[in-house]
Every structure is written in structure tokens, then in C-alpha cells.
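For reference, the structure is listed below as C-alpha cells.
This chain uses plain numbering: 1 for the first residue, then up along the sequence. Quick note: numbers below take in every heavy atom, side chains included, and nothing from hydrogens, waters or symmetry partners. Computed from a predicted structure; not experimentally measured.
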Amino acid sequence: QVQLVESGGGLAQPGGSLRLSCAPSGNIFSINVMGWYRQAPGKQRELVATISSAGRPNYADSVKGRFTVSRDNAKNTAYLQMNSLKPEDTAVYYCNADRVMTMTAIVYLELWGQGTLVTVSS
């Protein structure tokens with residue numbers, strides 16, 4: 001069973017930075033779109049950023065100019081660099097992967113990570 005493993009969450013001060021990473025367990029051949037979503041307390045999960053296998057990014061308006069999504073296809077790993085953090089960025093951040101194919105040709109249509117907490121507070 002392939003799982004997505006996130007790392008890099010934690011506490012940051014307003015204006016600070018954090019970098020999140022997301023990598024699948026197991027031997028992966030390819031992943032289509034990888035993305036980051038977040039869910040703040042009492043709110044619905046929302047899109048933060050996605051990146052295609054060709055490296056095309058897409059951002060929510062609320063994070064444009066502050067967050068940068070990237071990926072390393074050789075490692076099947078996605079990153080989210082978060083700069084100029086604001087208290088309203090506080091949330092559990094989830095990694096998402098679309099159409100994950102393993103080396104044995106098993107395809108997972110969609111995978112979610114377990115989430116990593118980001119807290120922005122002074």
C-alpha cells in the first residue's frame with residue numbers, strides 16, 4: 001500500500017518561513033499532479049497549490065507571491081516553500097497525489113497524506 005508522507009510542519013512567527021515536503025512510500029514509477037491543501041479549524045479543506053508532472057504550478061489567490069510549489073520527479077517528491085507567513089495560514093496541510101503508478105503498474109487514482117500542522121503565531 002502506497003502512502004504519502006509529509007514533513008516540515010511546525011511553528012513559525014508571522015513573516016517567517018517553513019518548507020513542507022511530501023514523498024510517497026514504495027517504488028513509484030510516476031505521479032500526475034501533486035498538490036497541497038489545507039484545513040483550518042472550523043473550515044473546509046481548501047486548495048493551496050498544485051503542480052503538474054511537467055512542472056506547471058497553480059496557486060490559490062491567498063498564497064500567490066508568498067508560497068512556491070515545486071517537485072523533483074526523480075524522487076517523486078513535492079515541496080511547498082512558504083514565505084511571509086501569516087496567522088491565517090495556520091492549518092493542517094495535506095499533500096495530494098493524482099494518478100500514482102507504482103513500478104508494478106498498480107495505479108492509485110488519488111492519495112492523501114496524513115497532514116502536517118503549520119502554526120503561525122508570535
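Applying the disulfide bond (SG atoms under 2.5 Å apart) rule to pairs touching residues 1-30 yields Cys22-Cys95, sequence neighbours excluded. The stretch residues 75-100 participates, sequence neighbours left out, in these salt bridge (charged side-chain N to carboxylate O under 4.0 Å, His left out) pairs: Arg38-Asp89, Arg66-Asp89.
Within the hydrophobic cluster formed by Ile, Leu, Val, Met, Phe, Trp and Tyr side chains joined at under 4.5 Å, directly or through other members, Leu11 stands alone, with no partner residue. Side-chain contacts under 4.5 Å among hydrophobic residues (ILVMFWY), followed directly or transitively, place Val5 with no other residue at all. Under the 4.5 angstrom side-chain criterion for Ile, Leu, Val, Met, Phe, Trp and Tyr, Tyr79 has no cluster partners at all. Leu4 shares a hydrophobic cluster with Val2, Leu18, Leu20, Ile28, Ile31, Met34, Trp36, Val48, Ile51, Tyr59, Val63, Phe67, Val69, Leu80, Met82, Leu85, Tyr93, Val100, Ile106, Tyr108, Leu111, Val118, Val120; the chain of contacts runs through ILVMFWY side chains whose heavy atoms sit under 4.5 Å apart.
For Asp61, the side chain to side chain donor-acceptor pair (under 3.5 Å) test picks out Lys64, with sequence neighbours left out. Taking Gln39 as the reference, Arg45, Tyr94 meet the side-chain contact (heavy atoms from CB on, under 4.5 Å) condition, with sequence neighbours excluded. Gln81 meets the side chain to side chain donor-acceptor pair (under 3.5 Å) test with Asn83; sequence neighbours excluded. Every residue meeting the side chain to side chain donor-acceptor pair (under 3.5 Å) condition with Thr104, not counting sequence neighbours, appears here in chain and number order: Thr102. Under the rule for a side chain to side chain donor-acceptor pair (under 3.5 Å), Thr119 has no partner lying at least two apart in sequence or in another chain. Residues passing the side-chain contact (heavy atoms from CB on, under 4.5 Å) test with Glu110, sequence neighbours excluded: Asn96, Trp112.
A donor-acceptor contact under 3.5 angstrom links the side chains of Arg71 and Asn73, judged on distance only.
A single hydrophobic cluster is not seen to contain both Leu109 and Leu47; linkage of ILVMFWY side chains at heavy-atom distances under 4.5 Å, directly or through other members, places them apart.
Side-chain atoms of Gln3 never come within 3.5 Å of backbone atoms of Gly113 as a donor-acceptor pair (strictly under, hydrogens ignored).
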